[in-house]
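Ligands are counted one by one from 1 in listed order, and the atoms in each one are counted from 1 as well. Worth knowing before you read on, the calculation uses all heavy atoms, side chains too, and leaves out hydrogens, waters and symmetry mates. Sequence positions, counted from 1, serve as the residue numbers for this chain. None of these values were measured; they are calculated from a predicted model.
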Amino acid sequence: MLFDKQTYIERRHILKERLGSGLVIIPGNNDTPVNYPSNVYKFRQDSTFLYYFGLHREGLVGVIDIDEGREYLIGNDIDIEDIVWFGQVDSVADLAAQTGIAHSAPMTQLEKLVAKAKVSSQPVLFLPPYRHDWMIQLGDLLGLHPSKLREAASVDLIKAVVDQRAVKTAGEIAEIEKACGIGYEMHTTAMKLCREGVTEQYIAGVISGIASSRGCIVSFPPILSMHGEVMHGYPSPRKLEAGRLMLCDAGAETNENYCSDNTRTTPISGKFTSRQRDIYNIVVACHDYALEVAKPGVKWWDVHMNVCRMMTDMLKDVGLMKGDTDEAVAAGAHAMFMPHGLGHMMGLDVHDMEGLGQIYVGFDEEVRPNLDQFGTNCLRCGRRLQEGWVMTDEPGIYFIPALIDDWRKKGLHNAFINYDLLETYKDFGGIRLEDDILITKDGCRFLGDKRIPYHADKLEAFLADRDK
Ligand code: GLY
Ligand code: MN
Ligand code: MN
C-alpha cells in the first residue's frame, strides 16, 4: 500500500460524509485472460478501488454501508491449490485490517448485502463499470441488463469521487514525479535510439521494457510512429526513414499505479529541416504558453482556445492559414491541424477518471462541452483549474492527408485554410509535445525533476551528443 491505513480511512470518511446515505459498492479488478483462462494480462487494480482501499490483490470488492456505519472488504481467500501455484498471500481479513476495515466476508456476502439494501429501499451506489466481467456481475446483482449500468450509475457518487481524486496530495504528487522520472528514461532512450533503419516496434519495445523494469507497466500502449499525424499511431515493424519525424507518446506507471504521460517528436536524421523546424517551433510556443498561464481559477477551455488562436496566428505566418484568427477558431478551422484538446487530468489513470465520464471530470455547470464541433468535441477538460490538479499540456500540429482531402472536397473553411500549400505538407506527419504539470497556489510547474529536451536547439544538441 502506498499510504498508511489512516489515509484510506480518511478518504472513505470524506466520501461517506459527502454522500450521507446508501450502500456504496466499489469493485476491484479481476485477472483478465489473454487467450485462455489461466494466461492473464499483468494485473492492474481499479484506480478508484486503489484510491479508497490501497490494495493490489485481484478479486476484492469494497462495500460501504453508510446508513449502518459499516465497511466490508469482500473477497474469497485462496485455497491450497492456488497457494501451490501462486504462493501464500494475506487473507481477506488481514487485507481488510491493513486498510482499516473491520469486516471481511466471502464473495457470497455481496449478494446478501445488495438484497438487504433492496428490501429496505437503501440506494445502491456504484460507478460506471468498464470491464465486462463486472458488467455481468453487477447486472446480475442489480437485476439490470449490462447495457443499462452506465446510466444507472450514481451521479452523486461519481461527482464525489471526482472531487476527491482530482486534487492530488503531496504524497500523490511525489508518486507521479516518480512516474515522470521513469518517463524521462523512456523518452531519452527513445531519442537515443531514433535513427534511420531502426524499427518503430523495437524502440517502443525497449521503452516499454524500461517502464516494466522500473515500475508496474506503461500507462498506455506507447504511440510511436513516423506517422505522427495518426493520433494513436501504434508502432509498426517499419524502419525509421531519414528526413522524417518520429513521434513518441508514452508514459509509465509506478508500482502504485500513478502515471506519467509525455510526448516528444524527434527528427530521425538528428536535425530538423527548415520546414519541420518552423512547424515544430509553433508547437513549442503553444506548449510554453500553457505553462505560463495555467493557474487556479483559469478556465482550461480558455487556455485551449488561446492556444488554438496562437497556433492559427503562427500558421498564418507560414501561409497555411489565412483570414481573421478569431473567426477561424470560432468556426473550428484550426482543428484541421489540432483536432484534439490541449490536455487532460492525470493521476491514477493516465486520462484520470475518464471512465467516470468526461462530463463530470472535465466540465461543470459553468463550462459545458461543445459536442458538435469537430476537434472542440474532443476536449477532455474545460472547467476552471484548481490547486492540486495534475494536467497534461499537449499541443500538436498534424497533417492528415485524408482530412485534407475530405475538407477540401466538402469546401470546408476555404476562407481560413490555404489548401494549395497544405497539399505540399501531406508527407509531413505530425508533431506533438506533451508534459505533465501541477497546478500550484498561483501558477503551475512541470512535474518530474528532469526535462526531456524539447526546445529545437536543445533537442538537436542532445541528439548530437548521444554519439559522443
Ligand atoms: N494517450 C494519449 C494522450 O493523451 O496523450
Ligand atoms: Mn500522451
Ligand atoms: Mn496525454
Colleague: Please determine, by modelled atom types, if Asn262 and Asp249 share a side-chain donor-acceptor pair under 3.5 angstrom.
Modeller: no
Colleague: Using a strict 4.0 Å threshold on nitrogen-to-oxygen distance, state whether Asp406 and Lys410 make a salt bridge.
Modeller: yes
Colleague: With ring centroids as reference points, do His232 and Phe220 lie under 6.0 angstrom apart?
Modeller: no
Colleague: May I ask you to identify, for Thr392, whether its side chain, its backbone, both or neither come under 4.0 Å of ligand 1 on a heavy-atom basis?
Modeller: neither
Colleague: Taking the Mn ion (ligand 2) as the vertex, how big is the angle to OD1 in Asp249 and OD1 in Asp261, rounded to 10°?
Modeller: 100°
Colleague: Are Glu177 and Lys168 ion-paired here, with the side-chain N under 4.0 Å from a carboxylate O?
Modeller: no
Colleague: Output yes when the distance from some N or O of ligand 1 to some N or O of Arg380 is under 3.5 Å, and no in every other case.
Modeller: no
Colleague: One thing to verify: whether Lys178 and Glu256 come together as a salt bridge, which I'm taking to mean a side-chain N less than 4.0 angstrom from a carboxylate O.
Modeller: no
Colleague: If you count the atoms of ligand 1 from 1 in the order shown, which ones are under 4.0 Å from a heavy atom of His232?
Modeller: 2 (C)
Colleague: Answer whether the closest heavy-atom distance between the side chains of Met186 and Ile182 falls below 4.5 Å.
Modeller: yes
Colleague: With no hydrogens and no angle check, is any side-chain donor or acceptor of Glu423 less than 3.5 Å from a backbone partner on Asp420?
Modeller: no
Colleague: Numbering the atoms of ligand 1 from 1, which are under 4.0 Å from a heavy atom of His351?
Modeller: 1 (N), 2 (C), 3 (C), 4 (O)
Colleague: With atoms numbered from 1 as shown, which atoms in ligand 1 lie under 4.0 angstrom from a non-hydrogen atom of Glu434?
Modeller: 5 (O)
Colleague: For ligand 1, which atoms have a heavy atom of Asp261 less than 4.0 angstrom away?
Modeller: 3 (C), 4 (O), 5 (O)
Colleague: When rounded to the nearest 0.5 angstrom, what distance separates CG in Leu422 from CE in Met321?
Modeller: 10.0 Å
Colleague: Relative to the Mn ion (ligand 3), which of the N, O or S atoms in Glu434 is the closest?
Modeller: OE2
Colleague: With a cut-off of 2.8 Å, does Glu394 place any N/O/S atom under that distance from the Mn ion (ligand 2)?
Modeller: no
Colleague: So which bit of Asp249 gets within less than 4.0 Å of ligand 1, heavy atoms only: side chain, backbone, both or neither?
Modeller: side chain
Colleague: Any N/O/S of His344 under 2.8 Å from the Mn ion (ligand 3)?
Modeller: yes
